[in-house]
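Some notes on the structure that comes next.
Residue numbering restarts at 1 for every chain, and letters A, B, ... go by the order of the sequence lines. The model shown is predicted, which means the values in this text are computed figures rather than measured ones.
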2 protein chains.
Amino acid sequence: MIFHPARIGLLNKRALIRQLRKDGVASRAGLARALGMSQPTAGKIVDELLTQEILEEVEGAEANGDHATRLGRPGRQLQLNRSQPSFLGIQLGVSETRLAELPLGACDENDWHFSFHHDAAAANPAAAWEKQLRNVAKQLRSRKFLGVVLSVPGIVDESARRILFSPNIHWSESADLCAAIGKVWDAPVLLVQEERALALGYLTLHPDQEDFLLADFGEGVGGAVIFGGKPLMHPLPISGEFGHTPVLGNHRRCGCGAVGCVETLLSTSGLLKSFAAAHPRQTASWAALQKQLAENGVEPWLAQSLDAAAVALAAALNVLGLRRVVVTGNLTDLPPTVLEYFSGAIRGGAMWARFGEVECVSAPRNRTAGLVAVGIDRLILPEAEPKLSRGKNAATKLVK
Amino acid sequence: MIFHPARIGLLNKRALIRQLRKDGVASRAGLARALGMSQPTAGKIVDELLTQEILEEVEGAEANGDHATRLGRPGRQLQLNRSQPSFLGIQLGVSETRLAELPLGACDENDWHFSFHHDAAAANPAAAWEKQLRNVAKQLRSRKFLGVVLSVPGIVDESARRILFSPNIHWSESADLCAAIGKVWDAPVLLVQEERALALGYLTLHPDQEDFLLADFGEGVGGAVIFGGKPLMHPLPISGEFGHTPVLGNHRRCGCGAVGCVETLLSTSGLLKSFAAAHPRQTASWAALQKQLAENGVEPWLAQSLDAAAVALAAALNVLGLRRVVVTGNLTDLPPTVLEYFSGAIRGGAMWARFGEVECVSAPRNRTAGLVAVGIDRLILPEAEPKLSRGKNAATKLVK
DNA sequence: ATCATTTAATTAATAAAACTACGAAAGTCC
DNA sequence: GGACTTTCGTAGTTTTATTAATTAAATGAT
């Protein structure tokens, strides 16, 4: 990326919004201080964002943060616009799609306003899906959005907005869901890999934690890395996929086509399968599993699976130089001893544990916050368009 | 990092030098084209770098690259200064230290001009080392360098210039080697983790390959990641350490304090140990190992070790979204079947192998090129000094 | 109640860096 | 030798952020 003056304004604007997302509420002066820019600059950016209705002034708010002062003229506090929905968030689940109208600021809670079940038996599931979308569209208060953000599990090419591989929602691979959404709502459509959205959601709610690996356990097992406060982006449309690391000695077939993946052991169905194998007489239900583990602690079959996943995670931590794992999904829904064991196993393999603390925390899934973060990053602040800069000189020359 | 006009010039200068390192030789116009900047800008930057003697004009050279044209006024070709050494490179090995005077451009070959063995038995090994440095200094043609770059194996805090942990050169941990160098040569001293230097060296010689994981096998086992043409930098002073990922079922003690690390299986000594265990009657020498493998192919004991390392690497590839592994060190010194087996094992665990090509190539170690790359990046172009920008406003305020 | 103090926000002038446009220089091709 | 093409440098413009100075709005002491 080449920098010219016309571009750097955007970068500072981006930094300011990011800071404001961290602080929640801040004044022009506070932002300037935190970012190391001059007050006139911060003021000018804020004014611009106010006219765009991306920010709004907040009345009764007091300055928070370290620099809380009582003296002097009080700053006019600012926040990301909460008064109106800016984005439409859509979560494509395995059997269900959920939708929510999302304002730019403050979506701590995971309240999805609409949902419908998929009709996988339909002749054309994608068409049926689009029809249900239209149905929802009628019920929405707002017609117009800054953008629509769709989160999808599996392997996703976010820039090309294509679903490359989705073992549990196969029908979504051939369908161009973004195009379908574009037909229903007249707004730019963004596609996000699900775990990346979860990681960004965690980041929004814990803005101080700028480096971690999020590991999500559900129908599948996957993850995402936040590195320096930003999602680790990748040359390939694949990343965070520790769940498809093979476990030596494990021979279960995985949905991805390989054999022995971590996912076959620790996905919901994988856990139940192992549970059933270890306790043939019990009903292999999630409730029974919870009860069994609550009574007996981490049984050997589970310990082995956790050890294997921990090695894959530790390998990633060691290579990336991270020290924090955030666990979401089904593992957080089992007795706490399970997560304790898992934490210990990760620490055992993470090299940094020999020098300092390695943390492994559990967290609820925070999709909405993540979807908003994606929308802000990619729509409000169209950061890098290297084509634009490069194309102007290089491309025309080449054509010629 | 906050951007103001005074800063962005550096970024473009950095981009230009990087491009020139890629191309080897290029004209002002060619650089402007490649980088998408205007010709006046490129010209101005080049002029500045010429007066600093970082670049030099080259006489008889023809334009190379895709855009080779015969028409029009021929461009004056430029290259990184080769006519005089700019950096002093020092490689701290286990038993030996090697030194080389390095020009900015063109150090394809690994010719080290000076070397000496360590006196580990000395009462004060660090002082003995410094003395030997002085000895070398007398023999050097050049007294004055832009900088001295020291590469060290182990765990290194590059910004603090401290060696935190070096299992094979323990005496280096307590000694402040950079300070010692600073006493001998009056120039800024940079510290680089060895594998990172190797990775940067590979990048210099293969500038088109911007994303890969380098895995080095020697006295220890370690690696480094190049991500988007830059070394993946890390919040912790630790990264690339796939060698210290535990292998389930392996109980060898590792120099790092843990048990079962990959390194205990695939370091030179680890390989010989396994070889000896598998063939008690043979002499456990490297030559014997080579011979045995050349005759018998990859034996089961080796296959197991390679499989384990491959899983750790695959986990990292999957999480990072990479598709290329560059192998250096002792593994490249064994019969080719070994690397073939290893490649296959990595492909088996790398998820991208199900969708496209995963490459695993071997390469010689290229330290000198890496040391130069480090010197250029950190000395000639002092990129990010967030303190500077931030401190001016924030710090003074706080003090006050 | 008034005034000094402190912090916030705005305005004006300055500096840095990149861009476009134009023209001179230095080759090739006919 | 002239037409053409490409390179390189100069001049003037634009964008952006900075510093310095000014106005605004609160607290606290006399």
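- Among D:dT19, C:dC19, D:dG9, the nucleotide with an atom closest to any side-chain atom of B:Asp47 is D:dG9.
- Straight-line distance from the NZ atom of A:Lys44 to the C1' atom of C:dA9: 13 Å, rounded to whole Å.
- The C1' atoms of five pairs define one axis at each end of the helix from C:dA1-D:dT30 to C:dC30-D:dG1, and these two axes lie 0° apart (to 10°).
- Residues forming a side-chain contact (heavy atoms from CB on, under 4.5 Å) with B:Asn81 (at least two apart in sequence, or on another chain): B:Glu53, B:Glu56, B:Ser83, B:Gln84, B:Leu104.
- Between A:Arg14 and A:Asp377, at least one side-chain N (NZ, or NE/NH1/NH2) sits under 4.0 Å from a carboxylate O, which counts as a salt bridge.
- If you check distances only, the side chain of A:Arg28 never reaches the base of C:dA8 with a donor-acceptor pair under 3.5 Å.
- Using a 4.0 Å cut-off between charged side-chain N and carboxylate O, B:Arg76 and B:Glu59 make no salt bridge.
- Here C:dA9 is the nucleotide among C:dA9, C:dA18, D:dT18 with the atom lying nearest to any side-chain atom of A:Ala29.
- Of all heavy-atom pairs between B:Pro188 and B:Leu146, the closest is CD-O, 3.3 Å.
- Comparing D:dT6, C:dT7, C:dA9 against the side chain of B:Leu71 picks out D:dT6 as the nearest.
- Residues B:Glu210 and B:Arg324 are not paired through a salt bridge, judged by the lack of any N-O separation under 4.0 Å between the basic side chain and the carboxylate.
- To the nearest angstrom, P of C:dC22 lies 15 Å from CD of B:Gln39.
- At whole-Å resolution of the value, CD1 in B:Ile45 and C1' in C:dA16 are 13 Å apart.
- Distance B:Leu11 CG to D:dT16 C1': 15 Å, rounded to the nearest Å.
- Distances shown here put every side-chain N or O of B:Thr41 at or beyond 4.0 Å from the OP1 or OP2 atom of C:dA17.
- Between A:Pro74 and A:Pro40, it is A:Pro74 whose nearest contact on DNA chain C lies nearer the 5' terminus.
- Put simply, the side chain of B:Arg73 and the base of D:dT7 share a donor and an acceptor less than 3.5 Å apart.
- Residue A:Leu16 contributes atom CG, which lies 15 Å from atom P of D:dT16 at whole-angstrom precision.
- Taking atom CE of residue A:Met37 and atom C1' of nucleotide C:dA16, one finds them 17 Å apart after rounding to whole Å.
- With sequence neighbours left out, B:Phe212 forms a ring pair (Phe, Tyr, Trp, His ring centres under 6.0 Å) with B:Tyr202.
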*From CA spacing to verdict: side-chain hydrogen bond (donor to acceptor under 3.5 Å, both in side chains), B:Asn366, B:Thr368*: CA-CA 6 Å; B:Asn366 268 106; B:Thr368 49; 5.1 Å; no
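- Atom P of nucleotide D:dC8 and atom CG of B:Leu50 are separated by 11 Å, given to the nearest angstrom.
- The CZ atom of B:Arg14 sits 16 Å away from the P atom of C:dA17 (whole-angstrom rounding).
- The phosphate of C:dA18 (OP1 or OP2) has a side-chain N or O of B:Asn12 nearer than 4.0 angstrom.
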